[in-house]
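Ligands are counted one by one from 1 in listed order, and the atoms in each one are counted from 1 as well.
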Amino acid sequence: MPRPAPLTALALLLAGTLVACDGGVHGTPGAPGLRDPYFPKAGNGGYDVTHYDLDLAYDPDGDRLSGTATLTARAGQDLSAFHLDLDGLDVEKVTVDGDTARWNRTGQELTVRPHDDLDEGRVFRVTVRYSGTPRTITDPDGSEEGWLPTEDGAVALGEPTGSMAWFPGSHHPSDKASYDLTITVPEGLRAVSNGELTQSRTSGGRTTTTWHTAEPMASYLATLAIGDYDIHTSTLADGLPVYTAVDPEEADASRKVLAQIPAVLKWAQDTFGPYPFSSTGAIVDRQGDAGYALETQNRPYFPGAPDTGTLVHELAHQWYGDSVTPRTWRDMWLNEGFATYAEWLWAEDHGGDSAQETFDALYDHGEDDHEDLWDFPPGKPSGAAHLSDSPVYQRGAMVLHKIRQRLGDTAFRALLRDWATTHRHGNADTEDFTSYVEDLAPDEDFGPVWEEWLYGDGKPTEP
Ligand code: TRP
Ligand code: ZN
C-alpha cells in the first residue's frame, strides 16, 4: 500500500473539517416570543409543540409541586437554542433527546441549548425536571391566574398566560398540542384535569391519576384541580362521557344546573354542530377559590355553582375558543363574542328575550350595566388589561348580531356551524372571520359592520 500523497492527506483533513463544521454550529436561536400584540413574549419561535407529557406530584401541605415535563416538538428552523416559557419554580435538569442540555433563565424565558443543533423538520423531545412552590400570577387586569392554592388543594387556571406557572412550554394560543398528564397527590384528594381519566392507582398513601387529551389544546385551557371533590360520571345519549367534579360545599347548589349539561349540549350541537371533544363535564370549586369561570377544555371551571347562562357560555366556548382558537390575543372577541351570543341564543330558544331584544337593550342603555361598553372596538382591544371587558364580550356579540341581521336567521345559523367546522381544532383570526363572512354573501355590504361595529371607536351611530 503506498502512503497517501501529502496533498491527498491535506484534502482528507480539509474534508473532515468541513464535515465537522456542517454538523456543528449552523443553527440560530429560536425567538423568545411569538410577538403577540398583547403578550409579545408568550410562546416561542423556531419550533412547534405537538405533545406535552406532564408527570407531576403535588403536596398541598407544603404547596409544593414537582415534576417532569416532556415536550415533543418539531423544529421549524435549524436551531442552536430555543426558549420555553416558565414563570417561577426551580429547574433541576434539562435534556434534549436524552442528552443533557445547557440552560439558563431570565424572567419567564427558559433558554435551552441542546448539545447538538436541531435541523429544521427534526422532531425532538425536551424534558425539564423542576419543582418548587408555583406562582399565582396577577393579570394585567388584576385577576389571578396560574397556580391558585385553595382551602383543600389547588387549581391551575391559565388564561391568558398562567400555564407557565405550572409547566414549561410554548404558552401561546397558536401552538396547540395533545396532552398526557399524570398527577400524584396525597391519598384522599382528587386530581381532575382535561380529557379523559385513563388510570387511577393508590399505594403507599398516594394516589396517581392519569388524564389523556387527544384533541389539540391551547395551553391556556389546560387545568388541574386538586382537592376534595364529589365525582359523578355518566354518558350522554350519543355516548359522550361526562365527568363532573364538585366541591361538597357546592353540591346542593350545583345539582340542578349540572343536570342541565345534557340539554345544553344537545342544544349546542344542534346550533353549533358536532361537539369537538371526546368528553365533557365541569369542575365546580368553592366560592372564592377563583374570581371567574374559565372554559378549560372538556370541562369548564366554575368558582361556585354557576347559573344556566354561565354554563351555556362556558360550554359554547368548547366550540369557540377551545376548538376554534384565536391566533393571537387580539382575536379574543372570537371567543367571548361567540360565547356571549350563545347565551343570547339560548335565551331566545328557551322562552327568554330574543337576541334582537338583548341587542336593543344594550344599544339603548348598555352603559348602565357596562360603563365601558363603548370604550374600544372588539377587534382592537385597548390593552392587555382590557381583554375581558364588555367591548370584547357584549359588543363582540353585537357584531355577530349585525351579521345575523344582514344574512338572515337561516344563513346565520349555518355560519355558526360552518365556522366551527371549518376551523375545528385549529386557529383563526379576525381577518379569517371577516373574509369568511364576506364569502358567504358576496352581494352583501359588510363594510359598515366591520368599520363601525368591529373596528370603530365609540358607540356606532346606527343600531
Ligand atoms: N374566558 C373567561 C370566560 O369568559 C373569562 C376569563 C378568565 C378571562 N380569565 C381571563 C378573559 C383572562 C380574558 C383574560 O369565561
Ligand atoms: Zn367567556
Side-chain angles (χ1 to χ4, degrees), residues 36-39 42 87 136-148 155-166 171-173 194 217-223 225 257 264 268 272 280-285 288-346 370 372 375-376 378-400 420:
D36 185 274
Y38 298 85
F39 300 95
D87 190 354
T136 302
I137 295 173
T138 302
D139 284 344
D141 71 3
S143 61
E144 293 194 327
E145 55 157 338
W147 192 264
L148 308 169
V155 63
L157 297 175
E159 189 176 26
T161 61
S163 291
M164 63 180 78
W166 62 287
H171 291 296
H172 188 262
N194 314 90
M217 176 164 76
S219 75
Y220 79 91
L221 299 166
T223 190
V257 66
V264 172
F272 311 136
T280 185
I283 301 168
V284 181
D285 239 340
D289 282 345
Y292 52 84
L294 188 63
E295 61 270 26
T296 44
Q297 193 155 306
N298 305 87
R299 50 192 61 78
Y301 176 88
F302 300 98
D307 57 20
T308 305
T310 307
L311 179 68
V312 169
H313 180 108
E314 304 306 339
L315 290 177
H317 269 310
Q318 302 300 313
W319 282 260
Y320 311 108
D322 297 15
S323 171
V324 183
T325 304
R327 200 181 312 280
T328 77
W329 289 109
R330 179 163 46 210
D331 308 306
M332 180 75 172
W333 80 279
L334 290 174
N335 284 9
E336 302 304 344
F338 274 81
T340 302
Y341 203 79
E343 294 178 65
W344 298 9
L345 275 180
W346 170 270
H370 312 280
D372 59 345
D375 278 6
F376 60 85
K380 210 170 177 306
S382 55
H386 300 286
L387 290 179
S388 48
D389 289 0
S390 333
V392 175
Y393 284 68
Q394 277 74 25
R395 190 170 159 185
M398 293 176 97
V399 172
L400 294 177

> Is the distance between the ring centroids of F272 and W319 less than 6.0 Å?
Replying inline: yes

> Would one find an N, O or S atom of E295, in either backbone or side chain, under 2.8 Å from the Zn ion (ligand 2)?
Replying inline: no

> Where the closest heavy atom to atom 3 (C) of ligand 1 is concerned, which of W329, Y292, Y393 has it?
Replying inline: Y393

>> I want to confirm something. Looking only at heavy atoms, which of H313, E159, E314, E144 is nearest to atom 6 (C) of ligand 1?
In response: E159

> With no hydrogens and no angle check, do the side chains of H386 and D375 hold a donor and an acceptor under 3.5 Å apart?
Replying inline: no

> Below 4.0 Å from any atom of ligand 1, is there a heavy atom belonging to E145?
Replying inline: no

> Heavy-atom contact under 4.0 Å between A293 and ligand 1?
Replying inline: yes

> Any idea which protein heavy atom is nearest atom 11 (C) of ligand 1, and the distance to it?
Replying inline: S388 CB, 3.3 Å

>> Restricting to N, O or S, what is the name of the atom of H317 that lies nearest the Zn ion (ligand 2)?
In response: NE2

> Among the N, O or S atoms that E336 has, which is closest to the Zn ion (ligand 2)?
Replying inline: OE1

> Relative to the heavy atoms of E295, which atoms of ligand 1 are at a distance of less than 4.0 Å?
Replying inline: 1 (N), 2 (C), 3 (C), 15 (O)

> With a cut-off of 4.0 Å, which atoms of ligand 1 are near a heavy atom of M332?
Replying inline: 11 (C), 13 (C)

Given 3.5 Å as the limit, does a donor-acceptor pair link the side chain of [X] with the main chain of [Y], or not?
X: T296; Y: T223; result: no
X: E145; Y: I137; result: no
X: D331; Y: T328; result: yes
X: Y292; Y: E144; result: yes

>> ring-ring contact (aromatic ring centres under 6.0 Å, His included), that's the test. Do Y220 and W329 meet it? Break it down for me.
In response: CA-CA 11 Å; Y220 79 91; W329 289 109; 4.8 Å; yes

